[in-house]
Novice: 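Just dropping this structure here.
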Amino acid sequence: PLGLFEVLARNRQSALGRCVCILREREQPPRVFTIPPRQRLSSPNRLVSRRRNFTHLINTHTHKEREGKKERKKEKHKTKLVKKKHATPRVFFPLLCGSDLTLFESNSDQKSPHIFVFPDAKQTLTSITETPIMASSRRLLKSISSSARLFSNHHTQNQTRGYKVAVLGAAGGIGQPCGLLMKMNPLVTELRLYDIAGTPGVAADVSHINTKAQVKGYSQADDGEDGLKNALKDCDLVIIPAGVPRKPGMTRDDLFKINAGIVKGLVEACAENCPKAMLNIISNPVNSTVPIAAETLKQKGVYDKKKLFGVTTLDVVRAKTFYAEKKGLETAKVDVPVIGGHAGVTILPLFSQATPKAALTDDEIDALTKRTQDGGTEVVAAKAGKGSATLSMAYAGALFGDACLRAKNGEAGVVECTYVESDVVPGVEFFATKVSLGREGVEKIHGTGALTAYEQAGLDGMMSELKDSIQKGLDFAKGA
């Protein structure tokens with residue numbers, strides 16, 4: 001436009017009554033600027049003055065247009081605020097199940113509430129406008145998922161049916177928190193708690209937790225012999241933490257004499273009332289109680305080596321924790337296989353196979369190995385002889401129980417370290433390595449993998465004690 005105006009001026013066309021310049025903008029209608037009549041531009045000074053006036057006119061119009069847009073935007077925002085102020089409040093009640101989140105909207109003006117389901121709440125909650133309740137739910141979900149994946153993200157999406165789970169010894173130091181954690185598991189629809197006494201109170205307490213599992217408590221004191229039968233009837237998974245804990249000055253023989261008889265009696269009841277159930281043995285000494293359970297089931301004619309497990313998960317949990325703390329790694333992303341058994345030198349963590357890989361000196365490996373082996377003693381000493389590793393053992397028991405249920409539910413790729421009947425190491429009938437789990441129990445028993453010289457020495461050194469423990473259990477079950 002300025003070029004056109006200049007041409008008109010030089011050609012002495014400024015005497016025209018009006019000079020119209022059209023500005024065209026992208027995808028907008030043309031704007032018309034009217035130039036009022038001026039005197040003849042016979043001198044260069046007047047030409048420059050006219051050009052400046054025209055530029056000022058354009059800038060002024062653009063500024064006014066911008067100010068108008070800002071005012072319209074402010075008015076629109078005010079209207080939204082007024083509507084929001086007088087709108088009916090929307091209250092959401094969240095229900096978490098695994099990683100899924102269901103929001104129930106409660107509105108007094110509606111007969112039926114709206115229901116919003118977010119299949120993967122970890123990703124969805126951060127992308128919508130959060131109410132305080134929703135934000136709290138997101139933080140809770142993040143906290144649960146960051147722990148060593150206690151419950152799978154695929155529970156509710158792929159679940160085929162619910163499962164009946166029994167905890168025997170449910171009123172004890174391990175049984176109570178283990179029952180609590182299994183109550184939180186979305187794959188459990190019926191949770192049965194059994195102990196000699198005190199179980200009804202524990203069951204009543206746990207039953208108030210707002211998850212779908214129905215809780216029933218049984219005890220020998222209240223129900224007699226029928227209590228154990230009713231607790232085990234048609235169960236899919238039985239977790240056995242029953243027995244006395246290890247106390248200061250107590251030898252393995254002392255512990256064995258008490259707990260061996262308890263485990264034998266409970267396994268006999270399992271053989272009669274739920275012969276197809278997976279059995280998770282927590283009662284110590286596991287190196288002996290698992291062979292006792294195996295021999296007892298053989299005598300009953302229902303032994304299935306694929307469904308009998310010694311829970312050594314606590315050794316894995318400790319090895320992961322100690323390794324991650326030592327090297328500054330994220331605990332939930334660390335994996336350390338632990339092989340052998342579940343007592344003293346028979347516990348052999350394979351830090352050479354740990355992931356993610358971190359450099360360790362020989363002294364660090366030795367210190368971490370010994371701390372993992374003496375983890376139980378460390379807790380007993382810290383509690384001044386007034387308790388043992390109950391909470392961490394309950395967590396480990398629930399973690400392995402969840403793995404069994406996920407595998408039973410059809411989830412692929414479930415691999416855990418566990419103490420089972422195995423031929424991986426010649427000369428011992430039972431040994432702990434990584435095991436792939438499936439619907440019917442053990443699918444594949446993995447080998448030890450490549451061992452360092454230090455680890456091979458540890459494996460060789462445990463053989464004598466592990467063989468003796470296994471034989472002691474077998475002899476007890478046979479009545480020798």
Novice: For Leu308 and Val420, work out which heavy atoms get closest and say how close.
Specialist: O-CG1, 3.6 Å
Novice: Pick from Lys307, Lys305, Lys276, Lys306: which one makes a salt bridge (Lys or Arg N to Asp or Glu O under 4.0 Å) with Glu440?
Specialist: Lys307
Novice: Could you walk me through whether Leu232 and Val238 satisfy the side chain to side chain contact (heavy atoms under 4.5 Å, CB included) test, starting with their C-alpha distance in whole Å, then the side-chain angles of each, then the deciding distance to 0.1 Å, before giving a yes or no?
Specialist: CA-CA 8 Å; Leu232 293 173; Val238 180; 3.9 Å; yes
Novice: Starting from the C-alpha separation in whole Å, work towards a yes-or-no answer on side chain to side chain contact (heavy atoms under 4.5 Å, CB included) for Tyr163 and Leu237.
Specialist: CA-CA 8 Å; Tyr163 298 98; Leu237 172 66; over 6 Å; no
Novice: Do Ser388 and Val380 pass the side chain to side chain contact (heavy atoms under 4.5 Å, CB included) test, and can you show the C-alpha distance, the side-chain angles, and the key distance before you say yes or no?
Specialist: CA-CA 5 Å; Ser388 60; Val380 172; 4.0 Å; yes
Novice: May I ask you to check whether over 12 heavy atoms, not counting those of Ile196, lie within 6.0 Å of atom CD1?
Specialist: no
Novice: Are there over 12 heavy-atom neighbours, none belonging to Lys264, within less than 6.0 Å of that residue's NZ?
Specialist: yes
Novice: With a 4.5 Å heavy-atom cut-off, do Asn287 and Met462 have their side chains touching?
Specialist: no
Novice: Please check if atom NZ in Lys370 has more than 12 non-hydrogen atoms from other residues, nucleotides or ligands closer than 6.0 Å.
Specialist: no
Novice: In this structure, which one of Glu443, His446, Lys444 forms a side chain to side chain donor-acceptor pair (under 3.5 Å) with Ser436?
Specialist: His446
Novice: With Ile365, which residues qualify under side chain to side chain contact (heavy atoms under 4.5 Å, CB included), at least two apart?
Specialist: Leu360, Thr369, Tyr454
Novice: Can you name the residues that form a salt bridge (charged side-chain N to carboxylate O under 4.0 Å, His left out) with Lys333, not counting sequence neighbours?
Specialist: Glu330
Novice: Do side-chain atoms of Ser283 reach the backbone of Ala242 as a donor and acceptor pair under 3.5 angstrom?
Specialist: yes
Novice: Could you walk me through whether Ser392 and Val317 pass side chain to side chain contact (heavy atoms under 4.5 Å, CB included), step by step?
Specialist: CA-CA 8 Å; Ser392 55; Val317 169; 5.9 Å; no
Novice: When you compare the side chain of Val442 with that of Phe309, does any pair of heavy atoms fall below 4.5 Å?
Specialist: yes
Novice: Would you check if the side chain of Glu295 reaches a backbone N or O of Leu474 as a donor-acceptor pair within less than 3.5 Å?
Specialist: no
Novice: Any idea which heavy atoms bring Ala203 and Lys216 closest together, and the distance?
Specialist: CB-C, 4.1 Å
Novice: Under 3.5 Å, side chain of Arg406 to main-chain N/O of Leu437, donor-acceptor pair present?
Specialist: no
Novice: Is a salt bridge present between Lys300 and Glu272, judged by a nitrogen-to-oxygen distance below 4.0 Å?
Specialist: yes
Novice: Salt-bridge test for Lys472 and Asp468: reply yes if a basic N is under 4.0 Å from a carboxylate O, no otherwise.
Specialist: no
Novice: Are more than 12 heavy atoms from other residues, nucleotides or ligands located less than 6.0 Å from atom CG of Asp460?
Specialist: yes
Novice: Determine yes or no for a side-chain-to-main-chain donor-acceptor pair under 3.5 angstrom, with Thr199 supplying the side chain and Tyr218 the backbone.
Specialist: yes
Novice: Could you check whether atom CD of Glu378 has more than 12 heavy atoms from other residues, nucleotides or ligands sitting under 6.0 Å from it?
Specialist: yes
Novice: A side-chain contact here means heavy atoms from C-beta on lying under 4.5 Å apart; do Phe351 and Thr372 qualify?
Specialist: yes
Novice: I'd like to know if the side chain of Lys183 and the backbone of Ile209 have a donor-acceptor N/O pair within less than 3.5 Å.
Specialist: yes
